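Take a look at the structure set out below.
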Amino acid sequence: MADLDKARGLGLEILRRAGIEVGGDQPCDIAVHDDRFWARVLATRELGLGESYQDGWWDANQLDEFIAHVQTLDLRSLVRPGPGLLMHIARARAANRQTVRRSRRNAGVHYDIGNDLYERMLDKRMIYSCGYWRRAEDLDQAQEDKLELICRKLQLEPGMRLLDIGCGWGGFARFAATEHGVTVTGATPAREQARWAREACAGLPVEIRECDYRDLEGSFDRIVSIGMMEHVGPRNLKTFFGRCGRLLSGDGIMLHHTIGSLESKHHTDPWFDKYIFPGGVVPSLAQITSACEHDWIIEDVQNFGPYYDRTLMAWHRKVTEAWTDLTGYDERVRRTWDYYLLSSAGSFRARALQLWQIVFTRSRRRSEVYHRPD
């Protein structure tokens, strides 16, 4: 009991410094239903915070606002990392957790859990990445505008061969083929995504390959990846860019749309690693630029990270409204999905995470100045 009281006292002091109250009425205030919460979070930090939420030990008036507050004030720095977190970091540095075999398994954990859930959560094109809300009023338009922005940055022309690495459910492949007249090869290691994408793109000049990017062969005029680089891992970024170099024609253009980190790391949040994106690591600009040195010119970098906050909140509204119609998902899955979507929104709101679109050309490519489309 004394240890529980000590943990509770320390936890309350940390929250007090941040202006967060237990039982208060501010958006960032929380309610604690089980006093074991305090010791669990102090012992395992991010993992304990997420797992105790899954278990129903605490709630927040607005979980996204609580996480945004925690991120803005960097409250985790007030909690010493325990042995479990230190071991997680050490393992991430020592082992390649994004090998071909592991990447296939990692993709299946998240992307093969049920197309019915994603169908109810995402827009009509099943685009699972940040929307472009500059002029959009709803999710469908934000995703459509994002796809068109990417096509214009790639300077697509009819008849071009386009490679979509990590093509998801085929939404961009279908858009590029129908709206810009290109021939598309899409690749994903996730079985359910590949099945869905083939059905969605039937009758179009689109081929969907169920494979890892390291197994791709061929020659393409343009290469794109949308929300895929986060799964490559810092250890494999040079391999990734090397493979892209072998696949892209000499005068080609390449675009990668990726979540970005403000610091270079080889590990991710242990809760997200365990429950959402195993093996995933959000890259920093330094890691990206280091991996593409000598071989690539970075023509353009655009950051619209705050739009991911709005995208995630739209996904959360949709999946919450549809939850009673979804079968096969229990209360723990619902709380897991709540924590994933709302804590991610809070992190983007606090600018702890970014969203970059980066355009590349070859370092020895002669061309005119690259102009970003409006």
Side-chain angles (χ1 to χ4, degrees), residues 92-93 95-104 106-107 129-130 150 153-156 160-168 172-173 176 184-189 209 211-268 277 279-303 354-367 370 372:
R93 284 188 171 277
N96 185 356
R97 300 190 61 228
Q98 301 89 13
T99 62
V100 173
R101 178 180 295 181
R102 287 182 172 183
S103 292
R104 181 179 292 274
N106 293 342
S129 53
C130 179
I150 290 172
K153 286 182 176 181
L154 286 169
Q155 300 176 6
L156 293 184
M160 283 184 171
R161 299 156 300 167
L162 168 67
L163 174 63
D164 182 359
I165 305 177
C167 64
F172 178 72
V184 186
T185 298
T188 173
R209 301 179 187 176
C211 69
D212 187 88
Y213 69 88
R214 285 160 284 205
D215 297 325
L216 287 166
E217 300 290 346
S219 178
F220 302 90
D221 302 301
R222 300 289 188 264
I223 293 178
V224 67
S225 76
I226 305 171
M228 181 271 175
M229 193 181 287
E230 302 92 326
H231 300 290
V232 171
R235 184 187 294 268
N236 304 301
L237 282 171
K238 273 194 173 295
T239 298
F240 178 73
F241 280 106
R243 175 62 62 173
C244 289
R246 290 192 289 275
L247 295 167
L248 186 66
S249 63
D251 60 349
I253 299 175
M254 179 171 71
L255 181 148
H256 297 297
H257 170 116
T258 181
I259 298 172
S261 173
L262 295 175
E263 57 180 311
S264 298
K265 299 182 293 185
H266 284 77
H267 67 281
T268 193
F277 296 116
V281 182
V282 176
S284 69
L285 274 179
Q287 288 169 320
I288 293 171
T289 57
S290 176
C292 69
E293 280 184 355
H294 306 301
D295 297 323
W296 298 95
I297 296 171
I298 295 178
E299 299 283 6
D300 185 68
V301 180
Q302 183 177 8
N303 184 355
Q354 316 304 314
L355 188 286
W356 298 316
Q357 283 189 355
I358 310 175
V359 178
F360 300 82
T361 56
R362 291 185 178 280
S363 61
R364 294 169 180 83
R365 174 181 183 264
R366 291 192 177 190
S367 67
Y370 178 88
R372 179 196 295 175

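In this text the structure is predicted, and so the values were computed from the model without any measurement.
The backbone N or O of Phe240 sits nowhere less than 3.5 Å from a side-chain atom of Arg214 that would complete a donor-acceptor pair. Of the possible donor and acceptor atoms, none in the side chain of Arg235 sits under 3.5 Å from a partner among the backbone N and O of His266. With hydrogens and angles ignored, the 3.5 Å screen pairs no side-chain donor or acceptor of Asp215 with any backbone N or O of Cys211. Looking only at distances, a side-chain donor or acceptor of Asp221 sits under 3.5 Å from a matching main-chain atom of Arg161. Glu230 contributes a side-chain N or O that, together with a main-chain N or O of Ile259, makes up a donor-acceptor pair within less than 3.5 Å. Of the possible polar contacts, one joining the Ser261 side chain to the Glu263 backbone as a donor-acceptor pair under 3.5 Å is found.
Here CG of Leu248 is found 9.0 Å from CG of Leu163. Values are rounded to the nearest 0.5 Å. Summarising the geometry, atom CD1 belonging to Ile226 is positioned 5.5 Å from atom OG belonging to Ser129; distances are rounded to the nearest 0.5 Å.
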Evaluate Met229 against Leu237 for side-chain contact (heavy atoms from CB on, under 4.5 Å), listing each step before the verdict. CA-CA 8 Å; Met229 193 181 287; Leu237 282 171; 3.9 Å; yes
Please step through side-chain contact (heavy atoms from CB on, under 4.5 Å) for the pair Lys153 and Gln302, ending with a clear verdict. CA-CA 11 Å; Lys153 286 182 176 181; Gln302 183 177 8; 2.5 Å; yes
For Asp295 and Arg362, what are the C-alpha separation, side-chain angles and deciding distance, and is it a side-chain contact (heavy atoms from CB on, under 4.5 Å)? CA-CA 6 Å; Asp295 297 323; Arg362 291 185 178 280; over 6 Å; no
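Nearest heavy-atom pair across Thr188 and Cys167 is CG2-SG, 4.0 Å. Taking each heavy atom of Ile298 and Thr289 in turn, the nearest pair found is CD1-CG2, 3.5 Å. The nearest pair of heavy atoms linking Ser284 to Trp356 is C-CZ3, 3.9 Å. The shortest non-hydrogen separation linking Ile165 to Tyr213 is CG2-CB, 3.7 Å.
Side-chain contact between Leu262 and Gln354 is present, with heavy atoms from C-beta onward closer than 4.5 Å. The closest side-chain heavy-atom distance from Leu255 to Ile358 is not below 4.5 Å. Val224 has its side chain within reach of Phe172: a pair of non-hydrogen atoms, C-beta onward, lies under 4.5 Å apart. Inter-residue side-chain proximity for His257 and Ser225 is flagged as unmet; no heavy-atom pair is nearer than 4.5 Å. Residues Phe220 and Leu162 form no side-chain contact, since every pair of their non-hydrogen atoms from C-beta on lies 4.5 Å or further apart. Contact annotation: the side chain of Thr185 approaches that of Arg209 to within less than 4.5 Å [non-hydrogen atoms, C-beta and beyond]. Met254 is listed as a side-chain neighbour of Trp296, based on a closest heavy-atom distance under 4.5 Å.
Applying the salt bridge (charged side-chain N to carboxylate O under 4.0 Å, His left out) definition to pairs two or more places apart or across chains, those involving residues 240-250 are Glu217-Arg243.
Ring centers of Phe241 and His256: under 6.0 Å apart, within the cut-off.
In terms of the salt bridge (Lys or Arg N to Asp or Glu O under 4.0 Å) criterion, Glu293 has no residue partners (sequence neighbours excluded). Looking at residues two or more places apart in sequence or on another chain, you find a side-chain contact (heavy atoms from CB on, under 4.5 Å) between Gln155 and Arg222, Ile253, Tyr370.
A donor-acceptor contact closer than 3.5 angstrom is absent between the side chains of Lys265 and Gln287. Judged by distance alone, the side chains of Thr361 and Glu299 do bring a donor and an acceptor atom under 3.5 Å apart.
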